[in-house]
Amino acid sequence: MNRNLATTYSSSLLRLFRVYGTLFAGVLIILCFSILRPDSFATLDNVINISRQISFLVMIALGATLVMAVGEFDLSIGAMASLGGVMAAKLAVSGQPMWLCILLPLAISLVIGYINGWIVTKFKVLSFITTLGMGTILGGITFWLTDGATIFENIPESFRYLGQEMWFTIPILSFIMLFLTILFWYIMSYTPFGRRLYAIGGNEAASRNAGISVAINKNLAFALCAVLATLTGILMASRLGSAQPTSGDGLFLPAYAAAFLGMTSFKEGVPNIWGTFVGAAIIGILANGLTMLEVPPFLQDVVTGSIVIAAVILQKIGRDSS
Amino acid sequence: MLQVRDLDKRFGLHYALSKISLDIHSGEIHALVGENGAGKSTLIKILTGIYQPNGGKVFWNNQETVIREPKTARKIGIQVVHQDRQLIASFSGYENLFLGISYPKQKLGLGIRWGAMKKEADQLKSKLGIQLDLRKLAEHMSPSEKTMLEIMRAAMLDCQLLILDEPTAALSDEESELLFELINKLVAKGTAILYVSHRMNEILRLSDRVTVMRNGKIAGTFSTKEMSKDTLVQLMTNQTSSIKKQMQKTSFSNKENVLQLKQVTSKDQKVKNVSLDVKQGEIVGIFGLAGSGRTELLETIYGTRHLKTGQMEIQGKIVSSFSPKHSLARGVILIPEDRRGDGLIVDMSIRENMTLSTLSEFSSIYNIKNQKEKTAVRTWMERLQVKATSSEQPIKELSGGNQQKVVFAKALLSKPILYLCDEPTQAVDVMTREEIHQLLKDQVSHDSGVLFVSSDVQEVLDISDRIYVIHEGEIVAEFENEAVTAEQILQVCYNQRKQSDV
């Protein structure tokens, strides 16, 4: 009896660790940096700073999470973000009103993302290959639009508003990030659409037999992913006040790292919104803290990559031993 | 050579095999027959080390042997050719032959000596008299060539006992003849063959002795010479116990059709020219052997398989749009054969699975009404007595029977008028099986009907009002379930085989 109790206790502890392990690791990282750099890391200013730094990564990773939820990958998100920033900047330079500079690229990306999904669902092409191809196409278009040069001349002041301004001393970017995270958490957890996406990712054949339109829902996941990537690109351009033809490319791998880290927390082995948020936050906090510790950038990448792999291994071990 | 004594195998509380004893002599062809679920494949899996028995002993060449894993079986000389081919499609015949055994290496022990490999394989080929181009990739080989290749692969190693599981299932008659020749050559060399087949003619022709299995037990081992097809079938079905219980016979002739098919043919020709009907309140059984097109027929009706020609009416209305979504809207539901593969999302909870088809009833576009959903799920869990810790328990943690109850609850939530059930009691315990039967009988009300597919003749007889027999995608017989016996139904199937064998 006693022994039984002990095993249930230890197994529930294990479960707790498995579900919140990544979160604990994040807290641990924060504690370490706070002790090592108490007067620069653990300050309100730096918290606000980090929230702005991670906003791009969170937004683009949310999209990746949606596509992963239906069991696919979108490798074109980096190129999509770059193109989004360039399109918005071009429109702004040509004197279009602000709302058009944002909405038109978003609408275009919605179509591009839907095409990604359509190719995958209609012709049964692996999403890996489809989006790799699409990413190359988008990169080409971006190059054509910019001649490979950064767009920075004649960008109106209003273009920088979303990326640079604050509300109540908090960056607008942070508000947008938080709003989108909550919005997509709600969508994935409390709407029929979210439930269907998870069902498709869980078992496509069973979902089809349950009367779910697998193709349409998958296409929508790709479309939303592209829209989020484009929004990220636009906000990056707004933040910098310029649009580089490769600005989004660097976000692509960290976005998936964040999503994979996220799969190790909250909902085990399932892509989930808050998990992705925590994953992106850990990656952002690491970058921020390691910079403060004056760790050279190349070593930062090594540390970040190692932590992602370690987290996934730990979760697998935890799962097998239960 | 091989002696099996009192072998037991349990899955949970259910005995898949009990007290199995069997002798196989070297150089004999020993046939193993029995209905689906009689325990043939479980026995094979124990002999080849995939399963471990819960009791009993295996003697190999008079020594007690424990076959711990497939590797052990192969090492001591037990080789198997499974029903589903175990070849690597993109490898050539040569490459497949040497799979899993040590390749002839070059002196330094690095590269493979392709020349020596080819020579060795070609020698074996001529010794066995096989005509086969081993340069061909496995994916370009015909079913018969693949079978030959697998047998060759078995012969590459020390092969004292060769187990063949339904080797002729995908072969034409001429190809089967070639296979029989090969088998005889192997036997002449002293190899013993354990031959599993549903085809009575082959067994009578080929084997020296035959063992009949029934419900996980040995019904007897006989010299084939003393057997006839009829006695074998009788032994398999245990005719004496299946004396028809007097069922209350209702007449459905004046009832409306729930489903009517007129000369329905599927695009891939797996279903050919099928005409049948299901009346209100009627349970219609479909019996067919594996690969007869029974699953495909249900899939065609449900809309997961494309229809080419023919007409389908549901409640008297001609159907023009085919997809699971449309079917559900019409009140047609499918209980798929492979519940984990096609019916359930195993990582999701009971609640999420149950309401998947009817999610719109529990939600607006922007919101799932949690309370309403939970109440409905709890009601159904109680009604079907699903054993689980809560509605939030993941499906993967439930037993097979309880998983199947969730599949049924999901179906019942959509208030169906036509139930397409594909082996709904497969791999569930006896209790649940009874519950499922009772459930279907209760649910069939004044305006709904059931199409029930099973490979278990007795089950079809127990539950159906009327029975169709399907063979190679065609309906070959129809019986009112009044005076018909299991034997008669099986006879129709095996006779069809015979006709198509000629």
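In what follows, every chain begins at residue 1, and chains take the letters A, B, ... in the order their sequences are listed. Note that this is a predicted model, so its numbers are computed, not measured.
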Exercise. Taking atom CG of A:N209 and atom OG of B:S357, what is their separation to the nearest 0.5 Å?
Worked result: 9.0 Å

Seminar exercise, completed: When the 4.5 angstrom heavy-atom criterion is applied to B:Y302 and chain A, the contacting part is side chain

For this session: Apply side-chain contact (heavy atoms from CB on, under 4.5 Å) to A:A25 and list each qualifying residue two or more places apart in sequence or on a separate chain.
Result: none

For this session: Identify which part of B:K410 has an atom lying under 4.5 Å from any heavy atom of chain A, answering side chain, backbone, both or neither.
Result: side chain

Exercise. What part of A:Y190 gets closer than 4.5 Å to chain B, counting heavy atoms only: side chain, backbone, both or neither?
Worked result: both

Exercise. Taking every heavy-atom pair that is under 4.5 Å apart, which of A:S207, A:A205, A:G201 has the most such pairs with chain B?
Worked result: A:A205

Seminar exercise, completed: If one checks every heavy atom of A:Y186 against chain B at 4.5 Å, the contacting part turns out to be side chain

For this session: Taking all heavy atoms of B:L356 and all of A:A199, pick out the closest pair and write down the distance.
Result: CD1-CB, 3.7 Å

Exercise. Side chain, backbone, both or neither: which part of B:L344 has a heavy atom under 4.5 Å from chain A?
Worked result: backbone

Problem set entry | Salt-bridge contact A:R195-B:E373 (side-chain N to carboxylate O under 4.0 Å) | yes

For this session: Count the heavy atoms of every other residue, nucleotide or ligand shown that sit under 6.0 Å from NZ of B:K325, and state whether that count exceeds 12.
Result: no

Seminar exercise, completed: A:G202 and B:I345 have their tightest heavy-atom pair at CA-CG2, 3.7 Å

Problem set entry | Under 4.5 Å from any heavy atom of chain A - which part of B:T355 | side chain

For this session: Only counting residues at least two apart or in another chain, list the ones meeting ring pair (Phe, Tyr, Trp, His ring centres under 6.0 Å) with A:W118.
Result: A:F123

Exercise. Considering only heavy atoms, which portion of B:D338 lies under 4.5 Å from any heavy atom of chain A: side chain, backbone, both, or neither?
Worked result: neither

